[in-house]
Asks: 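Quick one: structure below, then a few questions.
Each chain gets a letter, A, B and so on, in the order its sequence line appears, and its residues count up from 1. In this text the structure is predicted, and so the values were computed from the model without any measurement. Reckoned from all heavy atoms, side chains included, excluding hydrogens, waters and symmetry mates.
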Protein chains: 2
Amino acid sequence: MKTVHERADIVPLLAEIFRELGYEGTSLSRITQRTGLGKGSLYHFFPGGKEEMANAVLADIDAWFEQAIYRPLRQDDAHQAIAAMWVNVNDYFRSGRRICLVGAFALDDTRERFSAAIGDYFIRWIGALRSALTRAGCSEAQALAEEGVAGIQGALVLARALGDELIFTRSLETLAKRFEAATR
Amino acid sequence: MKTVHERADIVPLLAEIFRELGYEGTSLSRITQRTGLGKGSLYHFFPGGKEEMANAVLADIDAWFEQAIYRPLRQDDAHQAIAAMWVNVNDYFRSGRRICLVGAFALDDTRERFSAAIGDYFIRWIGALRSALTRAGCSEAQALAEEGVAGIQGALVLARALGDELIFTRSLETLAKRFEAATR
DNA sequence: CAATCATTGTACCGATCGGTACAATGATTG
DNA sequence: CAATCATTGTACCGATCGGTACAATGATTG
């Protein structure tokens, strides 16, 4: 028997595995188990092996954030885009049950492998958020944008460390209020 | 030739290795290289292997935070203790060049192995900080304490991701100002 | 229908993994 | 000085690592 897959369907599965196990903790045998794809298929779609898989995942994540978060922040109504960001981020990270793969990669030496993609992700997020804040009339837009993105990353760490979903959503609400106060 | 070591001298070396490579990324051969200790010594001091080494590191970290951060926050003058916390944290994390091992462990599935120690670390940090904030007259002490600890963790992620030391120190200063505004 | 070619499963590779066994070493103790 | 015992270096273990080779499969194309 032979099941045929498409590369695009595999990337989200890989993302979830890397998220749970980290780059070093993700072995090809685990990938085989959880995706149902043999090594033949895996290396057919990703000739560069594990590193190419991780790069594909990072590109996929970047594309999602670009269309769902960054672009609205840059182009749409500033207040609405910022408000939408909190909602979308809460959904995307499943109220803190899901972590940010980019943030996790940044913490250990897998950062060296993907430093360009990792730096880009945060630079663009902060930049887009600063843009919206500036348009909304915030005077210290850069500092507040950094604080917002850092706050989200920190809330993810706390939520995972405490096994507490509520703390993530609660942290986002606190940040949202602070942003509202700074843009009126 | 034979060099004799003590267990207490090894733990900080192990801490630095785990910090850089993560739990899964830290192999015994890397430990051997960087500590200069052979497997014989390593398993003599830590019969439980890698897991016992990580536990020893976590206990060491906990002890340092207890005496340098938590206890002052609980017992000393609230304003002074909070102000000292920002300084000590900035030093300890080397302005963001060093990461928080506990936070990093929380993000992937090494959390399962050490969940008790990881949860404890953050519970006690937040608790001690809340205690100081309450004594200083802050009305929303719990929320602000969570925001402070999360802010530090997030700032570490950002500093590493951007390879920017300044952002960490700057984030701490922003948090410090917010705390001062809330306690007067 | 025949030929092509993307996709797959399996067998296999050397290197490294975490861990064990144990004799040699040498400081400490009586 | 002799005996003890913590500490060490080395050889070795099976399991798993990431990766390669390649024949078999089967959908797509002409």
Asks: Let me see the working for B:Arg170 and A:Glu146 under salt bridge (Lys or Arg N to Asp or Glu O under 4.0 Å), right down to the final yes or no.
Replies: CA-CA 10 Å; B:Arg170 204 191 316 151; A:Glu146 288 172 358; 2.6 Å; yes
Asks: Would you say B:Ser29 reaches C:dC17's phosphate, i.e. side-chain N/O to OP1/OP2 under 4.0 Å?
Replies: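 B:Ser29 to C:dC17 OP1/OP2: side-chain N or O found under 4.0 Å.
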Asks: Whole Å only: how far is the CG atom of A:Leu37 from the C1' atom of C:dT10?
Replies: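 Checked: the CG to C1' distance equals 15 Å.
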Asks: In whole angstroms, how far is the P atom of D:dG19 from the CD atom of A:Glu51?
Replies: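 My rounded result for the distance is 9 Å.
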Asks: Return the value, rounded to whole Å, for the distance between atom CZ of A:Phe45 and atom P of D:dT20.
Replies: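 Atom-to-atom, A:Phe45 to D:dT20, this comes out as 17 Å.
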Asks: Using OP1 and OP2 only, check whether a side-chain N or O of A:Ser27 sits under 4.0 Å from D:dC17.
Replies: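 Checking A:Ser27 against D:dC17: at least one side-chain N or O falls below 4.0 Å of OP1 or OP2.
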Asks: How close or far is atom C1' of C:dG14 from atom CG of A:Leu28, stated in whole angstroms?
Replies: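 After rounding, the reported distance stands at 15 Å.
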Asks: Can you classify the ring geometry of B:Phe93 versus B:Phe168 as parallel (below 30°), tilted (30 to 60°) or perpendicular (above 60°)?
Replies: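 Judged by the thresholds at 30° and 60°, the geometry between B:Phe93 and B:Phe168 is perpendicular.
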Asks: State the pairing partner of C:dC1; accept Watson-Crick or G-U wobble contacts with both distances under 3.5 Å, and report none otherwise.
Replies: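 For C:dC1, the partner nucleotide comes out as D:dG30, under the 3.5 Å rule.
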Asks: Mind calculating the distance between CG (B:Leu21) and P (C:dG18) to the nearest angstrom?
Replies: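 Atom CG in B:Leu21 sits about 11 Å away from atom P in C:dG18.
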Asks: Please report the distance, rounded to the nearest Å, between CD in B:Glu24 and P in C:dT16.
Replies: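 So the two atoms are 18 Å apart, to the nearest Å.
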Asks: Is the shortest distance from a Lys or Arg side-chain nitrogen in A:Glu66 or A:Arg124 to a carboxylate oxygen in the other one below 4.0 Å?
Replies: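 Salt bridge between A:Glu66 and A:Arg124, a charged N being under 4.0 Å from a carboxylate O: yes.
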Asks: Is there a Watson-Crick or G-U wobble partner for C:dC12 with both distances under 3.5 Å, and which nucleotide is it?
Replies: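 Because both required distances fall under 3.5 Å, C:dC12 counts as paired with D:dG19.
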Asks: Select base, sugar-phosphate, or nothing to describe what A:Tyr43 touches, counting heavy atoms under 4.0 Å on all strands.
Replies: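 Counting heavy atoms under 4.0 Å across all strands, the contact made by A:Tyr43 includes a base.
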Asks: Quick one: which of D:dG9, C:dT8, D:dG19 gets closest to the side chain of B:Ser41?
Replies: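 Of all the options, the side chain of B:Ser41 is nearest to D:dG9.
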Asks: Taking atom P of D:dG18 as reference, at what distance in whole Å does atom CG of A:Leu42 sit?
Replies: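 The answer, rounded to whole Å, is 11 Å.
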Asks: Just how far, in rounded Å, is P of D:dG18 from CZ of A:Phe46?
Replies: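 A:Phe46 atom CZ is separated from D:dG18 atom P by 15 Å.
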Asks: When the nearest nucleotide of DNA chain C is assigned to B:Gly40 and to B:Lys50 on a heavy-atom basis, which residue is associated with the more 5' position?
Replies: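 Residue closer to the 5' terminus by nearest nucleotide: B:Lys50.
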Asks: Please tell me which of B:His44 and A:Gly49 maps to the more 5' nucleotide of DNA chain D, matching each residue to the nucleotide holding its nearest heavy atom.
Replies: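 Of the two residues, B:His44 wins.
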Asks: Look at A:Glu20 together with A:Arg34 and state whether they make a salt bridge at an N to O cut-off of under 4.0 Å.
Replies: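 Yes, this pair counts.
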Asks: Which is true for A:Thr26 with a 4.0 Å heavy-atom rule: it touches a base, it touches only sugar-phosphate, or it touches nothing?
Replies: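 Sugar-phosphate: the residue A:Thr26, judged by heavy atoms under 4.0 Å, touches backbone atoms but no base.
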Asks: Just wondering, more than 12 heavy atoms not from A:Gln33 lying within 6.0 Å of its CD?
Replies: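 Yes, because the 6.0 Å sphere around CD of A:Gln33 holds more than 12 heavy atoms from other groups.
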Asks: Counting side-chain heavy atoms from CB outward, which of C:dT7, D:dT8, D:dT10 is closest to B:Lys39?
Replies: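 Looking only at side-chain atoms, B:Lys39 lies closest to D:dT10.
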